[in-house]
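Heads up: numbering here begins at 1 and tracks the sequence. Quick caveat: nothing in here was measured; it's all calculated off a predicted structure. When a ligand or atom number is given, it counts from 1 through the structure's own listing order.
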Amino acid sequence: MLRERLPVFEPVRICPSILSADLVHLGDDIASVAQAGAGFIHVDVMDGHFVPNLTMGVPLVKQLAHFTEVPLDVHLMISNPIEQLPWFIEAGADMLTVHAEALDGEGLVCVVRMMRDAGVRAAVALKPATPVDAIAPVLEEVDMVLVMSVEPGFSGQSYIEGSQDKVAAVVRMARERGCAPLIQVDGGIGCSTAPLVCAQGADLLVCGNAVFAADDPASALREIQAIGEDAREDALSIA
Ligand code: DX5
Ligand code: ZN
């Protein structure tokens, strides 16, 4: 089942990562961030191979797609995306993100084509050490580029200093090629780091601990969003 409605992101939007949610009361946590204006619900799929951790998968995506109206952005930290992609499409993911490191250029083109043919938003992710050139084969074809600001695998890690430079590099590369994919940043994003990446052009901020470990996740979400948006507006007014 594919859902049609997807928001157009002009303001900075937050994508709460349910890896940090209270999984026993997941429905309540999702309802509260949905009401606070979450852009996507971010689902971290880890296979214990591409990354050391093992998390959630197709059955949960399927249930969430029926549970919430907020689009699902599914971050695939898996070694074999070509094989598993159809399962996640069928489960109702709205946006699927594959890692550039999991595939060669030809494989990347192939998965992005599979997503487009299925009517799912397509995204490609870069680990911190991966140069932006890795997304060159698909940059014009993707809806979003995900810049990792921690090593993928666990929530609650600290933002890797300088990750905002990679956001700037993606923006530059996209401009040179005449395209404008959304840019999402994932890892260690909260009130102090959101301004760094939003000032460089980030549209979407994945927040795990900064939202779900807060006393009031809904107000934490709104606060990070407002701070990120201010930084982006300031940067735009200077440019
Ligand atoms: C890490 C995941 C992230 C993680 C973010 O591999 O991709 O989405 O849940 O968590 P925080 O915001 O706590 O760093
Ligand atoms: Zn993630």
- Under a 4.0 Å N-O cut-off, is there an ion pair linking Arg116 with Asp143? yes
- Message: Using a strict threshold of under 4.0 Å (side-chain N to carboxylate O), is an ion pair present between Glu140 and Arg177?
- Response: yes
- Number of protein N, O or S atoms [distance to the Zn ion (ligand 2) under 2.8 Å]: 4
- Please say which of Leu76, Ile78, Val142 ends up in a side-chain contact (heavy atoms from CB on, under 4.5 Å) with Val98. Leu76
- Query: In this structure, which one of Gln184, Lys127, Lys166 forms a side-chain contact (heavy atoms from CB on, under 4.5 Å) with Val147?
  - Reply: Lys166
- Message: Is there a side-chain contact between Val111 and Leu96 in this structure, where contact means two heavy atoms from C-beta onward sitting under 4.5 Å apart?
- Response: no
- Task: Go through the side-chain N and O atoms of Gln200 and Asp165 and say whether any donor and acceptor fall under 3.5 Å apart.
- Result: no
- Message: Whether Arg232 and Asp203 form a salt bridge (side-chain N of Lys/Arg under 4.0 Å from carboxylate O of Asp/Glu) is what I want to check.
- Response: yes
- Message: We want to know whether His42 and Asp44 form a side-chain donor-acceptor pair, criterion being a heavy-atom distance below 3.5 angstrom.
- Response: yes
- Message: Tell me whether the NZ or CZ atom of Lys62 lies within the 45° cone about the ring axis of Phe88 and under 6.0 Å from its centre.
- Response: no
Between the protein and ligand 1, are there any N or O atom pairs that come within less than 3.5 Å of each other, and if so, what are their names and distances?
from, atom 1, to, atom 2, distance (Å)
ligand 1, 6 (O), Gly153, N, 2.7
ligand 1, 7 (O), Asp44, OD1, 3.0
ligand 1, 7 (O), His75, ND1, 3.3
ligand 1, 7 (O), Asp186, OD2, 2.9
ligand 1, 8 (O), His42, NE2, 3.3
ligand 1, 8 (O), Asp44, OD1, 3.1
ligand 1, 8 (O), Asp44, OD2, 2.8
ligand 1, 8 (O), Asp186, OD1, 2.7
ligand 1, 8 (O), Asp186, OD2, 3.0
ligand 1, 9 (O), Ser17, OG, 2.9
ligand 1, 9 (O), Asp44, OD2, 3.1
ligand 1, 12 (O), Gly208, N, 2.7
ligand 1, 13 (O), Gly156, N, 2.8
ligand 1, 13 (O), Asn209, N, 2.9
ligand 1, 14 (O), Gly188, N, 2.8

